[in-house]
> 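Here it is, the structure in full.
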Amino acid sequence: MILIKLGGSVITDKSQYKKFDREQASRLCREIAESGKPTIVVHGAGSFGHVLAKKYSIQNGLEDREQIPAAAQVHHDAMELGMLMTQTLIDNGIPAASVAPGSCFVMEDGRIVPDNLEAIKALQDVGIMPVTFGDVVMDRTRGFGIVSGDQMMEVMADLYKPERVVFVSDIDGLYTANPKTDPDAELIPEFDAGTLDDISSESDVDDVTGGVRNKMEAMLRMCDEGRDCVLVNGTVPGRLLALLKGEDVTCTVARM
Ligand code: IP8
């Protein structure tokens, strides 16, 4: 099984509140279907989550009553994106069900307590892809918080032990600096824990869950014996399909 995260940057326009990129999401789901590989998809929240979550500091937990309606709205919006994604998967021949992380998990001081996995497992057992996503989740100590799609990737990797983990983003891979602002940035085809030390910790401006470096750390945590983690550019048509078919493509591979 290949575990795939479709990042918010490829399924939404991150600069506009709640703007679904239907065409690109649809193409990526088609590439997943065409690969014929067993897969599980997790997705980010993009502009359905980060815009309001950042404005009301939802990731800091409950500090002020003014955050409460915003937390409810962010959860609502994240579920709306979940529905759009499962409809897109279903339209492309992949039976899928959206599973809001807050309906199966709570958090304890920012960390997911994965104690009831029965519903997710049951879906997969009958051949329905359980699709989880970044969302607002209740937290025993902080009231509420944000669980990122990357945290959900770790939960799903523990549960399903995928042979490969793929992050689909809008960049060709990991760079030595931010390629959008630094013309000297170079693509790193492969990295391990040692290489990570040279990477800038600058985070994406509107990303409450922390930008590229956090994502790379999450990738390394998910590498295992015989399992690599790949970051690939989903804005290039056909690249995800080629990667899933085992072809050599431009990307960054994390290994243990
Ligand atoms: O897009 C963040 O998840 P991510 C979730 O995977 C929210 O970082 C609601 C901001």
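Counting starts at 1 for both ligands and their atoms, in listed order.
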> Please name the pair of heavy atoms, one in Val42 and one in Gly149, separated by the smallest distance, quoted to 0.1 Å.
CG1-O, 3.5 Å

> Ignoring hydrogens and geometry beyond distance, is a side-chain donor-acceptor pair present between Asp150 and Ser148 at under 3.5 Å?
no

> At their closest point, which heavy atom of Met256 faces which heavy atom of Cys223, and how far apart are they?
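Where Met256 meets Cys223 most closely, the heavy atoms are CG-CB, 3.6 Å.
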
> Report yes or no: do Asp64 and Gln67 form a side-chain donor-acceptor pair below 3.5 Å?
no

> Given the rule in the side-chain contact (heavy atoms from CB on, under 4.5 Å) test, do Tyr17 and Phe48 qualify, once you have shown the distances and angles that lead to the verdict?
CA-CA 6 Å; Tyr17 176 54; Phe48 284 68; over 6 Å; no

> Show me which atoms of ligand 1 lie under 4.0 Å from any heavy atom of Gly149.
3 (O), 4 (P), 6 (O)

> Should Val74 be counted as touching ligand 1, given the test is an N or O pair under 3.5 Å?
no

> In ligand 1, which numbered atoms sit nearer than 4.0 Å to a non-hydrogen atom of Gly49?
9 (C), 10 (C)

> For ligand 1, is any non-hydrogen atom under 4.0 Å from Ala78's backbone (N, CA, C, O), its side chain (CB onward), both, or neither?
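The answer is neither.
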
> Which label fits Phe133 and His43: parallel for a plane angle under 30°, tilted from 30 to 60°, or perpendicular past 60°?
parallel

> Below a 4.0 angstrom heavy-atom separation, can you tell me which part of Lys5, side chain or backbone, both or neither, approaches ligand 1?
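Within the 4.0 Å criterion, Lys5 contacts ligand 1 through side-chain atoms alone.
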
> If you count the atoms of ligand 1 from 1 in the order shown, which ones are under 4.0 Å from a heavy atom of Gly134?
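Once the distances to Gly134 are compared, the set is 3 (O), 5 (C).
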
> Are any of the N/O atoms on Ser148, whether in the backbone or the side chain, positioned under 3.5 angstrom from an N/O atom of ligand 1?
no

> Applying a strict 4.0 Å limit to heavy atoms, is Val147 in contact with ligand 1?
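Yes, Val147 has heavy atoms under 4.0 Å from ligand 1.
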
> Could you pull out the closest heavy-atom pair between Thr12 and Gly46, with the gap in Å?
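For Thr12 and Gly46, the tightest heavy-atom pair comes out as OG1-CA, 3.3 Å.
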
> Any N or O on Ala53 sitting closer than 3.5 Å to an N or O of ligand 1?
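Looking only at distances, the answer is no, because the N/O contact criterion of under 3.5 Å is not met.
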
